[in-house]
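Below is the structure I would like to discuss, written out as structure tokens.
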Amino acid sequence: MNKAPFFEISKKLEGTLARTGVIHTPHGDIKTPAFIVGGTQATVKSLTNEQVTSLNGQSILVNAYHLMLRPGADTIELSGGIHKFMNYNGPIFSDSGGFQIFSLGMAYKKGIDITSHSEKGDIAQAVHSSTQLTKVTDDGVHFRSHLDGSSLYITPEISMDIQHQIGADIHMCFDELTSPLAGDKYIKSAMDRTHIWAERCLQRHNELNVDHSKKGDFLQSLYGVVQGARNESFRKESATFLGSKDFDGYGIGGVFEPEEISSTVRWVNEILPEAKPRHLLGMGSQPADLFLGIQYGIDTFDCVAPTRQARNGALYTYDGRINIKNSKYKNDFSSIDPECDCYSCRNYTKAYIHHLLRSDEILGLTLASIHNERFIVRTVDNIRDSINNKSFFEYKKIFLERYYSPLKAKIFLD
RNA sequence: GCGAAUGUAGCUCACUUGGUUAGAGCGCCGGGUUGUGGUUCCGGAGGUAGUGGGUUCAAUCCCCAUCAUUCGCC
């Protein structure tokens with residue numbers, strides 16, 4: 001069972017952990033650094049795959065948790081795999097669903113999740129809500145479907161079975177995410193469990209790949225997922241442990257704030273094997289995330305916020321974020337950003353998109369999503385170019401000082 | 001012309017057997033969203049209770065007049 005080279009580094013930026021390169025997958029290459037477009041339920045909300053491709057999206061990330069609930073992994077397997085099911089022939093990542101089970105899944109649509117509670121510092125509530133609807137054992141996790149409340153059980157092996165049935169190119173290990181505000185004792189035990197689960201995932205994954213090989217199907221890849229919250233020694237321990245195992249790449253989970261990137265992500269990436277790609281899970285909704293992540297060694301990002309924010313009217317411009325639903329745009333017939341090359345900016349005005357979103361018209365979601373997704377994808381593409389031509393730091397300074405303010409950008413420029 | 005019903009926030013309507021600061025939904029103004037929450041979440045502004053009298057310690061509420069709207073009848 002010989003796999004082609006999975007990741008190749010092209011250029012490294014001296015004095016940083018940044019690099020450019022290529023991830024080779026059975027469904028095409030990904031030039032890195034790259035922003036992986038969020039397509040949780042086997043669709044990038046409001047966009048066709050052609051639109052994703054035309055805004056230069058190189059790859060889509062789907063979510064095993066959502067897909068196992070609906071339509072079910074069996075249906076996707078029966079259809080011929082996720083690429084055929086959703087008619088997307090580019091590289092596809094799948095997330096294990098660990099995050100949903102530990103945060104979203106238990107309190108879906110109730111405004112209660114670990115992130116929001118960590119913002120409020122409401123540890124008791126976060127811990128309470130995280131223990132109410134899920135039960136973690138060393139073997140696996142009992143939890144309830146957010147769709148119908150039915151009881152479900154996932155182990156690392158079941159997660160790999162599901163992900164292989166779905167059939168993406170790159171999978172994530174089933175991990176246990178902890179609140180950054182949880183106690184060290186719990187963070188440590190969850191991390192240790194995540195490590196054992198990672199070994200179990202890897203073993204099952206390799207067995208499943210043998211099956212694929214026998215059938216002549218393409219081989220799938222697996223990333224280990226680093227945890228350890230904000231604790232430096234835990235993060236380093238996690239990176240050391242997982243880095244010694246034969247994963248194809250690594251996901252970094254449990255990072256919530258851009259300020260954590262220059263600490264947490266750096267600790268981890270200084271240890272992880274340089275020759276393997278690193279994916280920052282769930283981060284990348286603002287330029288600072290992208291510049292810092294790449295500077296500290298991230299190769300790929302995924303984040304649903306650009307499209308979610310677009311659907312709610314928050315649009316990126318080089319001069320900062322605007323809310324297109326504000327009344328001041330009612331009669332503004334200029335494009336969202338005069339420097340933007342996206343389909344929406346080339347063809348439509350602020351006033352029109354303002355009207356569509358206020359009227360709850362479906363096209364508004366599409367035009368806004370195209371703009372935001374293009375803005376983020378282009379920014380990562382431009383950062384990649386800036387590494388190749390060694391202008392990274394100049395580009396970063398100019399971009400961030402303009403997007404935020406020179407004062408605010410300062411915390412990201414050290 | 002006669003009779004009836006209804007007039008409370010921009011709109012549609014509540015509540016009050018008469019008693020602190022008259023509420024809701026929608027709309028309006030603004031903010032949030034990071035391993036997905038389109039139809040969402042969080043704030044905020046906005047009312048001389050049609051108008052004028054009367055009864056009462058106290059009226060959006062009871063009474064009278066008047067105006068407006070709607071329906072019905074001549």
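Given the structure is predicted, the values throughout are model-derived calculations rather than measurements. We use all heavy atoms of the structure for the numbers below, so side chains are in, but hydrogens, waters and symmetry mates are not. Each chain gets a letter, A, B and so on, in the order the sequences are listed, and its residues count up from 1.
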### Task
Find the distance A:I324:CD1 to B:G31:P and express it as a whole number of Å.
12 Å
### Query
Which one, B:G38, B:G32, B:G35, comes nearest to the side chain of A:R321?
B:G32
### Query
Restricting to pairs with a member in residues 262-284 of chain A, which pass ring pair (Phe, Tyr, Trp, His ring centres under 6.0 Å), not counting sequence neighbours?
A:F93-A:H279
### Closest approach of A:Y250 to A:G243 (non-hydrogen atoms, all atoms of both residues)
OH-CA, 3.4 Å
### Message
Please report the distance separating the C1' of B:A45 from the corresponding atom of B:G10, rounded so that it comes out in whole Å.
### Response
12 Å
### Query
Which part of the nucleic acid, if any, lies within contact of A:P306, taking any heavy atom under 4.0 Å across all strands shown: a base, the sugar-phosphate backbone alone, or nothing?
nothing
### For A:Y316, ring pair (Phe, Tyr, Trp, His ring centres under 6.0 Å) partners two or more places apart
A:F375
### Distance in angstrom units between A:N63 CG and B:U34 P, rounded
15 Å
### Message
Between B:G47 and B:U8, how many Å separate the two P atoms, rounded to a whole number?
### Response
15 Å
### Query
Which is true for A:S327 with a 4.0 Å heavy-atom rule: it touches a base, it touches only sugar-phosphate, or it touches nothing?
sugar-phosphate
### Task
Please report, rounded to the nearest Å, how far the P atom of B:G35 is from the CG atom of A:D95.
10 Å
### Query
Can we call the ring centroids of A:F399 and A:F291 under 6.0 Å apart?
yes
Determine all donor-acceptor pairs shorter than 3.5 Å in which one atom belongs to a side chain in residues 361-370 of chain A; sequence neighbours excluded.
unit_1: A:T366; atom_1: OG1; unit_2: A:S46; atom_2: O; d: 2.9
unit_1: A:S369; atom_1: OG; unit_2: A:S46; atom_2: OG; d: 3.4
unit_1: A:S369; atom_1: OG; unit_2: A:L365; atom_2: O; d: 2.7

### Query
Can you tell me how far P in B:U70 sits from the matching atom in B:U12, rounded to whole Å?
13 Å
### Task
May I ask you to say what A:T307 touches in the nucleic acid, namely base, sugar-phosphate or nothing, with a heavy-atom cut-off under 4.0 Å?
base
#### Entry: Residues forming a ring pair (Phe, Tyr, Trp, His ring centres under 6.0 Å) with A:Y352, sequence neighbours excluded
A:Y348
### Message
Within the 4.0 Å heavy-atom criterion, would you say A:G254 contacts the bases, only the backbone, or no part of the nucleic acid?
### Response
base
### Query
CG of A:L280 versus P of B:U34: gap in Å, rounded?
14 Å
Could you give the side-chain donor-acceptor pairs of residues 78-92 of chain A under 3.5 Å, partners two or more places apart or in another chain?
unit_1: A:S79; atom_1: OG; unit_2: A:I76; atom_2: O; d: 2.6
unit_1: A:H83; atom_1: NE2; unit_2: A:H27; atom_2: ND1; d: 3.2
unit_1: A:H83; atom_1: NE2; unit_2: A:G90; atom_2: O; d: 3.3
unit_1: A:H83; atom_1: NE2; unit_2: A:D169; atom_2: OD2; d: 2.8
unit_1: A:Y88; atom_1: OH; unit_2: A:Q58; atom_2: O; d: 3.4

### Sugar-phosphate, base or nothing in reach of A:D175, heavy atoms under 4.0 Å
base
### Task
Provide the distance between the two C1' atoms, one in B:G18 and one in B:C2, to the nearest whole Å.
33 Å
### Summary
Ranking B:G35, B:U33, B:U34 by distance to the side chain of A:Q309, first place goes to B:U33
### Message
Categorize A:D289 for me: base, sugar-phosphate, or nothing, with a 4.0 angstrom heavy-atom threshold over every strand shown.
### Response
base
### Message
Can you check the distance between B:C28 and B:G46, where both ends of the measurement are the C1' atom (answer in whole Å)?
### Response
9 Å
#### Entry: Same-atom distance (C1') from B:U69 to B:C29, integer angstrom
32 Å
### Nearest-nucleotide pick for A:N326, side chain only, options being B:G30, B:U33, B:U34
B:G30
### Task
Could you tell me the separation between the CD1 atom of A:I261 and the P atom of B:G35, rounded to a whole number of Å?
13 Å
### Query
Among B:G38, B:C29, B:G35, which nucleotide sits nearest the side chain of A:F99?
B:G35
### Qualifying residues under ring pair (Phe, Tyr, Trp, His ring centres under 6.0 Å), relative to A:H171, sequence neighbours excluded
A:H164
### Task
With heavy atoms under 4.0 Å as the rule, sort A:A314 into base, sugar-phosphate or nothing.
base
Can you name the atoms? Protein N/O to nucleotides 39-41 of chain B N/O, anything below 3.5 Å, with the distance.
unit_1: B:U40; atom_1: N3; unit_2: A:N312; atom_2: OD1; d: 3.3
unit_1: B:U40; atom_1: O4; unit_2: A:N312; atom_2: OD1; d: 3.0

### Query
Pairing of RNA chain B as dot-bracket, 5' to 3': ( ) intra-strand, [ ] crossing, | other strand, . unpaired, with Watson-Crick or G-U pairs under 3.5 Å?
(((((((..((((.....[...)))).(((((.......))))).....(((((..]....)))))))))))).
#### Entry: Of the listed nucleotides B:C29, B:G38, B:U34, the one nearest the side chain of A:K45
B:G38
### Task
Starting from C1' on B:U34, measure out to CZ on A:F412 and report it in whole angstrom.
13 Å
#### Entry: Summary of side-chain hydrogen bond (donor to acceptor under 3.5 Å, both in side chains) pairs that have at least one residue in residues 283-296 of chain A, sequence neighbours excluded
A:Q286-A:Y404, A:Q295-A:K396
### Query
Side chains of A:D148 and A:S145: do they bring a donor and an acceptor to under 3.5 Å?
yes
### Task
Would you mind reading off the distance between A:L357 atom CG and B:G27 atom C1', rounded to a whole angstrom?
17 Å
### Message
Please evaluate residues A:R200 and A:D139 with respect to the criterion salt bridge (Lys or Arg N to Asp or Glu O under 4.0 Å), reporting the C-alpha separation (whole Å), side-chain torsions for both, the decisive distance (0.1 Å), and the verdict.
### Response
CA-CA 10 Å; A:R200 286 165 60 185; A:D139 187 55; 3.2 Å; yes
### Task
May I ask you to verify whether the side chain of A:Q286 and the base of B:U34 hold a donor-acceptor pair under 3.5 Å?
yes
### Message
Heavy-atom nearest nucleotide on RNA chain B for A:D302 versus A:L365: which residue maps closer to 5'?
### Response
A:D302
### Task
Starting at atom CZ of A:R311, determine the distance to atom P of B:G32, rounded to an integer number of angstrom.
17 Å
### Message
Distance check, C1' atoms only: B:A9 and B:G44, in whole angstrom units.
### Response
15 Å
### Task
Would you indicate what A:Q227 reaches in the nucleic acid, counting non-hydrogen atoms under 4.0 angstrom: base, sugar-phosphate, or nothing?
base
#### Entry: Pairwise C1' distance for B:G19 and B:A65, with rounding to whole Å
27 Å
### Message
B:G30, OP1 or OP2 - any side-chain N/O from A:N323 closer than 4.0 Å?
### Response
no
### Task
Can you label the angle between the A:F143 ring and the A:Y65 ring as parallel, tilted or perpendicular, going by 30° and 60°?
tilted
### Query
Would one find a side-chain N or O of A:R358 under 4.0 angstrom from OP1 or OP2 of B:C29?
yes
